[in-house]
Amino acid sequence: MGKDVIIACDFASGQQTLEFLGQFGEKKPFVKIGMELFYSEGPQIVRQVKERGHKIFLDLKLHDIPNTVKKSMNVLSGLDVDMTNLHAAGGSKMMQAALEGLTRPDGRRPILIAVTQLTSTDSETLKNELLINTPMEETVMSYAANAKRSGLDGVVCSPLEAAAVHERCGAGFLTVTPGVRFADGEVGDQKRVMTPAEAKKAGSDYIVVGRPITASEDPAAAYERCVREFVD
Ligand code: C5P
């Protein structure tokens with residue numbers, strides 16, 4: 001599985017998304033469709049983007065009882081997405097059920113990755129609200145190891161955690177990493193960032209890049225810069 005740049009298409013409408021992707025011409029970047037766009041446009045937006053030749057990471061972070069997750073993953077697999085995700089906090093039975101639901105009759109399935117702890121959850125919240133007394137880093141690594149044991153392909157994590165995840169779960173266990181910024185770019189609300197080149201050195205398998213591309217005056221050039229720094 002090669003390294004790739006995934007563009008986070010955090011747009012409110014399908015029209016905006018398709019106009020944005022039209023700027024890439026013959027290039028067909030891997031795109032991430034998240035909850036906002038999916039809930040506003042429905043499965044149709046996935047079909048439309050797919051028809052234009054893009055690979056899709058459908059970022060819906062499922063977390064429910066195993067039977068519900070299995071059936072929902074079966075629907076997503078039928079949409080022909082290339083990558084999707086769930087919360088590792090749902091436990092190994094839920095993760096295994098998700099894999100069953102995703103697997104198509106020919107045995108193939110989209111890549112399935114887990115969210116460990118959301119980066120918006122701080123150590124205080126972990127301890128005082130989720131009542132988890134294990135330190136954050138150990139919790140994240142333990143959730144990643146549980147995802148690996150359950151048969152998943154990887155985790156979403158910070159590029160700063162990629163090396164530790166590979167050490168714990170193996171080099172082939174994928175790290176899909178947001179929090180990427182150009183060295184001369186704006187950081188915005190991201191706290192801990194790496195450049196595409198640094199993420200490559202850190203061992204990220206896929207970088208998820210939103211605003212440095214979507215808010216750029218020349219998104220195609222910004223995307224090419226990411227590919228040059230991270231993939232080439
Ligand atoms: O615009 P930006 O590059 O910050 O976008 C990053 C994308 O990755 C957004 O879609 C954001 O929701 C997502 N993400 C993140 N941090 C996480 C998990 C997902 O930034 N821990």
Side-chain angles (χ1 to χ4, degrees), residues 4-14 16-17 20-21 29-41 45-46 49 54-63 81-89 111-123 125-126 130 136-137 139-141 143-144 147 152 154-162 164-165 174-200 202 204-227 229-230:
D4 210 347
V5 175
I6 303 178
I7 305 180
C9 284
D10 295 322
F11 299 112
S13 78
Q16 241 183 317
T17 307
F20 170 76
L21 293 176
F30 203 135
V31 306
K32 179 169 91 73
I33 294 178
M35 287 186 212
E36 183 187 8
L37 187 56
F38 189 78
Y39 292 148
S40 71
E41 298 289 342
I45 187 63
V46 174
V49 173
H54 299 270
K55 285 190 176 174
I56 296 178
F57 167 21
L58 190 57
D59 178 17
L60 298 181
K61 302 185 178 70
L62 275 65
H63 187 176
V81 299
D82 299 278
M83 181 186 291
T84 191
N85 60 1
L86 46 64
H87 274 282
I111 293 170
L112 183 60
I113 57 173
V115 173
T116 54
Q117 284 294 338
L118 292 169
T119 43
S120 51
T121 305
D122 58 16
S123 300
T125 311
L126 193 73
L130 304 185
M136 180 64 84
E137 202 191 317
T139 305
V140 166
M141 290 304 151
Y143 279 31
L152 268 70
V155 286
V156 184
C157 63
S158 157
L160 295 149
E161 294 161 352
V165 169
L174 302 174
T175 52
V176 179
T177 64
V180 174
R181 291 294 180 264
F182 291 123
D184 53 1
E186 282 185 25
V187 174
D189 54 0
Q190 294 282 11
K191 297 260 184 303
R192 302 182 305 147
V193 297
M194 274 195 183
T195 66
E198 286 166 347
K200 179 180 184 175
S204 294
D205 296 288
Y206 292 87
I207 50 173
V208 177
V209 187
R211 288 159 292 178
I213 297 175
T214 56
S216 162
E217 279 179 17
D218 188 345
Y223 170 71
E224 284 307 323
R225 183 176 172 190
C226 280
V227 171
E229 284 194 27
F230 182 69

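Just so we're clear, the structure is a prediction, and the values are computed from it rather than from any experiment. Just so you know, ligand 1 is whichever comes first in the structure, and atom 1 is the first atom listed for that ligand.
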*Asks:* Could you work out, with side-chain contact (heavy atoms from CB on, under 4.5 Å) as the rule, every residue matching Q16, not counting sequence neighbours?
*Replies:* F11, A12, S13

*Asks:* Classify the ring geometry of Y206 against F30: parallel below 30°, tilted from 30° to 60°, perpendicular beyond 60°.
*Replies:* perpendicular

*Asks:* Are the side chains of R181 and R211 in touch, meaning some heavy atoms are under 4.5 Å apart?
*Replies:*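 R181 vs R211: side chains touch.
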
*Asks:* Just to be sure I understand the cut-off, which residues have at least one non-hydrogen atom under 4.0 angstrom from an atom of ligand 1?
*Replies:*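 For ligand 1, the contacting residues are A8, D10, K32, T119, P178, R181, Q190, V208, V209, G210, R211, P212.
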
*Asks:* Can you tell me if T177 uses its side chain to pair, donor with acceptor, with the backbone of I207 under 3.5 Å?
*Replies:*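 Absent.
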
*Asks:* Under a 4.0 Å threshold between the charged nitrogen and the carboxylate oxygen, would D218 count as salt-bridged to R225?
*Replies:* no

*Asks:* Check the pair L60 / M35 against side chain to side chain contact (heavy atoms under 4.5 Å, CB included), numbers first and verdict last.
*Replies:* CA-CA 6 Å; L60 298 181; M35 287 186 212; 4.2 Å; yes

